[in-house]
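The structure displayed is predicted, hence computed values, not measured ones. Both counts, for ligands and for their atoms, begin at 1 and track the order of listing.
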Amino acid sequence: MSGLLDGQVALVTGAGGGIGQGIAARFAEEGAAVALHCRTAREAADRLAGRIREAGGRAVVLTADLTDEDACGRLVAEAAAWGGGLTALVNNAGVQPTRDLAAMTAADWRAVVDANLSGVFACTRAAAEAMRPAGGSVTHIASVEAARPAPLHAHYGASKAAVVAHARTAAQEYGPHGVRVNTVSPGLIHREGLAQAWPDGVARWRAATPLGRLGRPRDVGDACVFLASALASWITGHDLVVDGGVSARPGW
Ligand SMILES: NC(=O)c1ccc[n+]([C@@H]2O[C@H](COP(=O)([O-])OP(=O)(O)OC[C@H]3O[C@@H](n4cnc5c(N)ncnc54)[C@H](OP(=O)(O)O)[C@@H]3O)[C@@H](O)[C@H]2O)c1
């Protein structure tokens, strides 16, 4: 059976986490060889890599702290060496802490910007280099909060808005080298324990979503597969919102 990503070699960051697992699984199902990056969630990444191999696919697990610029370069080089090249990068890793502005320290701010933005910059630069001369795609996972910031998330929303802006600039600069750069902005994605941890938020999301449910990691994976595939060969600098239609409403 032919897949949308046959012959591709993809690196997915944060592939031990909820959404990263959905993205990596969908890439493998569509025929890509997948390098699953993790930092501490080695077990989850190993489990998914094992399932991909059992299903006849190719997968490897690589580790790096993406707040370290050199580690980002090494990660991309390892993925390309393993795959015999690199055609797709999904910058999914990120942190989502909450803190009100009055209590937020400069260290809180920097921790979010380092994890969510600086790693995206460093991985993308290394990947764009590794993708020469054949080209490829880079997809950043931003958030609906890039355009609709929420309370307690000033650092997070700002980092995600910057990720969207980075992609638009990168699309212009790397386009002539055949590298497309887009963002996917998810709405609220289901994870184990979320309804218990944030009942009010989950209830409001359900009520606000025309499609009647929270997102699933695979919904984000589907959007990333599309953007990495030949179906999106004339799409770059775009932000694809994947939120069940919530952003179509005036508020949630
Ligand atoms: N969940 C949502 O509803 C939602 C909505 C919109 C956007 N997003 C975005 O989607 C992405 C994935 O979120 P998620 O919900 O799947 O979160 P998650 O389960 O916490 O996964 C995020 C992963 O990022 C990795 N990570 C964080 N800081 C890192 C660092 N300094 N170096 C290397 N890896 C690092 C973590 O790796 P280790 O665990 O291996 O340490 C973690 O597995 C994030 O960018 C998030 O902002 C999420």
Side-chain angles (χ1 to χ4, degrees), residues 11-26 35-49 61-76 78-79 89-98 110-123 139-150 153 155-164 166-167 183-195 197-198 201-202 204-206 208-209 213-221 223-224 239-244 246-247 252:
L11 168 61
V12 179
T13 70
I19 294 177
Q21 294 249 306
I23 297 169
R26 285 295 295 120
L36 293 91
H37 155 267
C38 65
R39 180 188 47 172
T40 56
R42 175 94 208 195
E43 239 182 83
D46 277 339
R47 264 200 311 274
L48 178 56
V61 175
L62 303 172
T63 55
D65 181 343
L66 302 182
T67 60
D68 175 343
E69 188 183 343
D70 293 339
C72 292
R74 278 196 300 275
L75 172 68
V76 169
E78 282 170 17
L89 165 67
V90 182
N91 285 308
N92 161 75
V95 294
Q96 310 161 67
T98 50
R110 270 197 300 272
V112 172
V113 169
D114 277 352
N116 291 2
L117 181 58
S118 304
V120 167
F121 154 71
C123 287
T139 306
H140 308 336
I141 304 304
S143 165
V144 288
E145 290 185 49
R148 297 175 152 217
H153 252 178
H155 44 7
Y156 180 77
S159 73
K160 293 300 186 179
V163 159
V164 173
H166 171 275
T183 51
V184 168
S185 281
L188 191 59
I189 305 299
H190 172 77
R191 66 174 167 272
E192 212 54 54
L194 179 65
W198 197 31
V202 168
R204 278 189 294 130
W205 258 89
R206 280 226 174 85
T209 314
R213 64 169 173 85
L214 264 57
R216 304 178 185 121
R218 291 174 66 88
D219 295 322
V220 181
C224 294
D239 181 38
L240 178 51
V241 174
V242 178
D243 71 345
V246 169
S247 297
W252 65 282

*Considering only protein heavy atoms, which is closest to atom 1 (N) of ligand 1, and at what distance to one decimal place?*
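Nearest neighbour among protein heavy atoms for atom 1 (N) of ligand 1, to 0.1 Å: Arg191 NH1, 3.5 Å.
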
*Which residue holds the protein heavy atom closest to atom 16 (O) of ligand 1, what is that atom called, and what is the gap in Å?*
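I find the closest protein heavy atom is Ile19 N, 2.8 Å.
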
Using distance alone, decide if ligand 1 has a nitrogen or oxygen within less than 3.5 Å of any nitrogen or oxygen in [X].
X	answer
Ala41	yes
Gly20	no
Gly16	no
Pro186	no
Ser143	no

*Between Ala142 and ligand 1, find which residue part has any heavy-atom pair under 4.0 Å and reply side chain, backbone, both or neither.*
backbone

*Which part of Arg42 is near ligand 1, with near meaning a heavy atom under 4.0 Å away: side chain, backbone, both or neither?*
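It is neither; nothing of Arg42 touches ligand 1.
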
*Out of curiosity, is Ala15 lining ligand 1, as in a heavy atom under 4.0 Å away?*
no

*Any non-hydrogen atom of Gln21 lying under 4.0 Å from ligand 1?*
no

_Would the distance check show the side chain of Thr139 and the main-chain N or O of Cys224 forming a donor-acceptor pair, the cut-off being under 3.5 Å?_
no

*Looking only at atom types and distance, does a side-chain atom of Lys160 sit under 3.5 Å from a main-chain N or O of Ile141, one as donor and one as acceptor?*
yes

For [X], counting its heavy atoms only, list the atoms of ligand 1 lying under 4.0 Å from any of them.
X	result
Ala93	24 (O), 25 (C), 26 (N), 34 (N), 35 (C), 45 (O)
Cys38	40 (O)
Leu188	3 (O)
Val95	27 (C), 28 (N)
Ala64	32 (N), 33 (C)
Gly18	16 (O), 19 (O)

_A side-chain contact here means heavy atoms from C-beta on lying under 4.5 Å apart; do Ile189 and Asp219 qualify?_
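When only atoms from C-beta onward are counted, Asp219 and Ile189 do not touch, as no gap falls below 4.5 Å.
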
*To the nearest 0.5 Å, how far apart are CH2 in Trp205 and CG in Leu194?*
11.0 Å

